[in-house]
Amino acid sequence: MVILYEAYGNLYINMTNRCPCACTFCLRQTRDEMEGSGSLWLEREPTVEEIKAEFDKFDVEKYGEIVFCGFGEPTERLDDMLEVCRFIRANFDKKIRINTNGLCDLIHGRDTAPMFSGLADIISISLNTPNKERYLELTRSKFGIGSFDAMLKFAENVGKYVETVVLSTVATTLTEEEEKECAQICRKIGVTYRIRPFEED
Ligand code: SF4
């Protein structure tokens with residue numbers, strides 16, 4: 001199983017294939033791997049101990065960041081993910097980024113932001129669009145129309161506990177007007193807005 005893989009100069013962690021969304025643009029629909037990683041479809045979810053052991057196979061020092069991002073939503077395994085963060089904090093001097101759909105509170109039915117305190121440096125969330133109806137059309141979140149607002153609330157809350165929160169949209173997918181609306185939303189909740197190239201994570 002591919003649990004850790006390198007891409008874009010960073011070391012990525014693939015710990016689950018679960019996700020409450022079925023995004024129309026999800027890369028999982030058209031490919032099995034990222035940047036020559038090997039298949040990111042897991043036979044089963046690796047245990048925390050297996051994930052920790054996997055770090056022995058890599059020269060962690062050579063990577064820019066350690067990123068939770070695979071073929072699934074990492075916060076589906078929130079407690080396990082945070083335990084791996086603690087392990088990284090204890091063993092490596094690297095920035096920790098969590099790429100997430102931001103639906104953590106809905107997945108776990110509570111305000112999860114305080115749990116991230118001191119355990120991540122960057123939370124990167126896909127904003128996709130400034131419009132909640134369009135967001136649901138694109139993500140097909142199982143949580144329905146409340147998903148967009150819950151994602152924004154999580155982004156705002158978690159900003160109190162981590163250094164940087166980034167909400168991103170993909171270049172060329174929105175009008176200039178929509179990008180301005182996204183920037184405004186981000187300003188209002190005090191997070192960074194980023195327009196990223198397609199596929200870069
Ligand atoms: S949130 Fe991410 S993993 Fe889940 S369906 Fe959307 S793009 Fe795919």
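Order of listing sets the numbers, starting from 1, for every ligand and every atom in it.
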Query raised in the report: Taking the six-membered ring for Trp, is the centroid-to-centroid distance between Y12 and F68 below 6.0 Å?
Result: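 No, too far apart.
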
**Report entry** Note, C104 side chain near F116 side chain (heavy atom, < 4.5 Å)
**Finding:**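 Side-chain contact under 4.5 Å: yes.
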
Query raised in the report: Taking the side chain from N14 and the backbone from V2, do they hold a donor-acceptor pair closer than 3.5 Å?
Result: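 Yes; at least one donor-acceptor contact below 3.5 Å.
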
Query raised in the report: Are the side chain of R196 and the backbone of A171 linked by a donor-acceptor contact shorter than 3.5 Å?
Result: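 No; judged by distance alone, with no hydrogens or angles, the pair does not exist.
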
Report task. Taking atom 5 (S) of ligand 1 as the reference point, report whether a protein heavy atom occurs under 4.0 Å from it. Result ->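 Within 4.0 Å: yes, protein heavy atom nearby.
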
Query raised in the report: Taking only heavy atoms of C23, which atoms of ligand 1 are found under 4.0 Å from at least one of them?
Result: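 Reading through ligand 1 atom by atom, the close ones are 1 (S), 5 (S), 6 (Fe), 7 (S).
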
Query raised in the report: Taking only heavy atoms of N101, which atoms of ligand 1 are found under 4.0 Å from at least one of them?
Result: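 Reading through ligand 1 atom by atom, the close ones are 1 (S).
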
Query raised in the report: Would C19 count as a contact for atom 8 (Fe) of ligand 1, in the sense that one of its N, O or S atoms lies under 2.8 Å from it?
Result: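 It does not; every qualifying atom lies at 2.8 Å or beyond.
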
Requested in this report: Decide yes or no on side chain to side chain donor-acceptor pair (under 3.5 Å) for S39 and E33, but give the supporting numbers first.
Outcome: CA-CA 5 Å; S39 176; E33 62 176 15; over 6 Å; no

Requested in this report: Note the single closest protein heavy atom to atom 8 (Fe) of ligand 1, along with its residue, its atom name and the distance in Å.
Outcome: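 Nearest protein contact, heavy atoms only, for atom 8 (Fe) of ligand 1 is C26 SG, 2.4 Å.
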
